[in-house]
Amino acid sequence: MLVVGLTGGIATGKSTASSLFKSRQIPVIDADVLAREVVQPGTKGLTQIVAYFGSEVLFPDGTLDRKKLGAIIFNSEVKRKKLNSIIHPAVSRAILWNVFWCWLRGEKLCVVDVPLLIEGGLWKWMGKVVVVYCSADIQLQRLMMRDNSSREDASARLNSQLPITQKVEYADIVLDNSGTLHDLEQQVHSCLVKLERTAGWTWKLSWLFPPFALVSVLWTLGWRSAKRSRQRSRKPLEGI
């Protein structure tokens with residue numbers, strides 16, 4: 001099974017691309033959804049958060065008050081790192097479990113939708129990485145329009161994240177979402193053709209013969225490591 005990592009920057013259109021994959025019956029594992037699930041009442045994640053940040057980050061019904069927690073970590077790098085050390089491992093385990101179930105069902109490929117795919121290092125585990133891109137100017141305008149924010153506030157949010165141009169350096173396929181929705185739909189279609197061609201017939205072999213799947217994972221990790229070591233000297237990556 002081919003595991004495809006999907007990422008992008010804020011307001012580049014990653015969620016739209018993710019929905020387009022879903023509409024084509026491709027299983028999508030959404031890290032944002034999993035991040036909410038791993039801090040539901042009764043989970044280990046929520047217990048760890050309360051132990052460190054206190055019960056004031058909870059609503060009266062015992063669910064997590066994300067807004068209050070966000071305010072606490074906003075100006076504290078230490079607390080932000082602590083929260084990430086709780087959430088990220090739990091989400092990674094949930095992603096792995098969902099990928100396993102996709103493999104068990106005999107899926108040819110699955111898409112793992114992760115906003116911080118590059119920053120968190122999960123890109124190394126992906127068979128292919130797809131980055132949804134648009135220019136910084138378009139990104140800024142879309143963010144201002146979407147959130148009804150000022151140029152200063154929108155710029156501050158963009159500057160706090162890894163630039164989309166740096167994420168593109170990790171991509172095997174780039175979806176340029178600088179145009180219309182129809183343009184993006186065509187690119188997603190072309191992307192799927194390439195991904196299915198890459199999956200080929202070996203996905204059946206990995207499903208029927210699990211040791212082959214393990215070898216495939218190890219090969220992917222080695223290839224990713226070698227690719228990244230050459231990344232800076234390579235030409236711009238493939239677009240659609």
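Everything quoted here is computed from the prediction, not taken from an experiment. The analysis underlying the following values was restricted to heavy atoms, covering all of them including side chains, and did not include hydrogens, waters or symmetry mates.
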Is there a side-chain contact between K128 and T198, using heavy atoms and a 4.5 Å cut-off?
yes
Residues forming a salt bridge (charged side-chain N to carboxylate O under 4.0 Å, His left out) with D65, sequence neighbours excluded:
none
With the 4.5 Å side-chain cut-off for hydrophobic clustering, are Y52 and L69 part of the same group?
yes
Does the side chain of I49 reach to within under 4.5 Å of the side chain of V57, using non-hydrogen atoms?
yes
Evaluate the side chain to side chain donor-acceptor pair (under 3.5 Å) criterion for residues T12 and N177: first the C-alpha distance (whole Å), next the side-chain angles of each, then the deciding distance (0.1 Å), finally the verdict.
CA-CA 7 Å; T12 63; N177 190 30; over 6 Å; no
In short, A154 meets S149 closest at the heavy-atom pair CB-OG, 3.8 Å
Kindly give the heavy-atom pair with the smallest separation between R105 and P27, and that separation in Å.
NH2-CB, 4.0 Å
Identify the heavy atoms of A35 and R66 that sit nearest to each other, and give their distance.
O-NH2, 3.8 Å
With a 4.5 Å heavy-atom cut-off, do D32 and L34 have their side chains touching?
no
Result block: side-chain N/O donor-acceptor pairs under 3.5 angstrom for residues 83-92, not counting sequence neighbours:
| unit_1 | atom_1 | unit_2 | atom_2 | d |
| --- | --- | --- | --- | --- |
| N84 | ND2 | R80 | O | 3.4 |
| S85 | OG | K82 | O | 2.6 |
| S92 | OG | H88 | O | 2.9 |

Write down the atom of C110, the atom of V99, and the distance for their closest heavy-atom approach.
SG-CG2, 4.3 Å
Decide whether M126 and W97 are clustered together by the hydrophobic rule: side chain heavy atoms of Ile, Leu, Val, Met, Phe, Trp, Tyr closer than 4.5 Å, transitively.
yes
Connected hydrophobic set around L140, excluding itself, where side chains approach under 4.5 Å
I10, L143, M144, L158
Side chains of Q141 and M145, heavy atoms from C-beta outward: is any pair under 4.5 Å?
no
Go through the steps for R24 and L192 under the test side chain to side chain contact (heavy atoms under 4.5 Å, CB included), then give the verdict.
CA-CA 9 Å; R24 288 159 174 77; L192 276 176; 3.4 Å; yes
Chi angles and distances behind the side chain to side chain contact (heavy atoms under 4.5 Å, CB included) call for I73, F53:
CA-CA 10 Å; I73 68 171; F53 293 97; 3.9 Å; yes
Per side-chain contact (heavy atoms from CB on, under 4.5 Å), V114 is matched among I118, L117, V111 by L117
Do L96 and L6 share a hydrophobic cluster (ILVMFWY, side-chain heavy atoms under 4.5 Å, transitive)?
no
Apply side chain to side chain contact (heavy atoms under 4.5 Å, CB included) to residues V132 and I164 and explain how you reach the verdict.
CA-CA 9 Å; V132 184; I164 188 62; over 6 Å; no
Give a yes or no on whether L20 and V33 share a hydrophobic cluster (residues Ile, Leu, Val, Met, Phe, Trp, Tyr; joining criterion: side-chain heavy atoms under 4.5 Å apart).
no
Just grab all the salt bridge (charged side-chain N to carboxylate O under 4.0 Å, His left out) pairs involving residues 34-53, residues at least two apart or on different chains.
none
Going through the checks in order, is the side chain to side chain contact (heavy atoms under 4.5 Å, CB included) test met by V130 and D172?
CA-CA 6 Å; V130 177; D172 297 292; over 6 Å; no
Heavy-atom nearest pair, L116 first then T7, reads N-OG1, 4.4 Å
Do V3 and W125 have side-chain heavy atoms sitting under 4.5 Å apart?
no
Does the side chain of S178 pick up a donor-acceptor pair with the side chain of D176 at under 3.5 Å?
yes
On a heavy-atom basis, the closest approach of L175 and A17 is CD1-CB, 4.2 Å
Do N159 side-chain atoms and S155 backbone N/O form a donor-acceptor pair below 3.5 Å?
yes
Which pairs pass salt bridge (charged side-chain N to carboxylate O under 4.0 Å, His left out) with one or both residues in residues 144-168, sequence neighbours excluded?
E119-K167, D147-R157
So do C191 and L195 actually touch side chain to side chain, heavy atoms under 4.5 Å?
yes
Out of the candidates S18, S19, S15, only one should pair with D113 under the side-chain hydrogen bond (donor to acceptor under 3.5 Å, both in side chains) rule; please name it.
S18
With sequence neighbours excluded, what pairs up with D61 under the side-chain contact (heavy atoms from CB on, under 4.5 Å) test?
F59, T63
State whether the side chain of S76 and the backbone N or O of I72 hold a donor-acceptor pair below 3.5 Å, judged by distance alone.
no
Count the heavy atoms of every other residue, nucleotide or ligand shown that sit under 6.0 Å from CG of N148, and state whether that count exceeds 12.
no
Under a 4.5 Å side-chain heavy-atom rule over Ile, Leu, Val, Met, Phe, Trp and Tyr, are L162 and Y133 clustered together?
yes
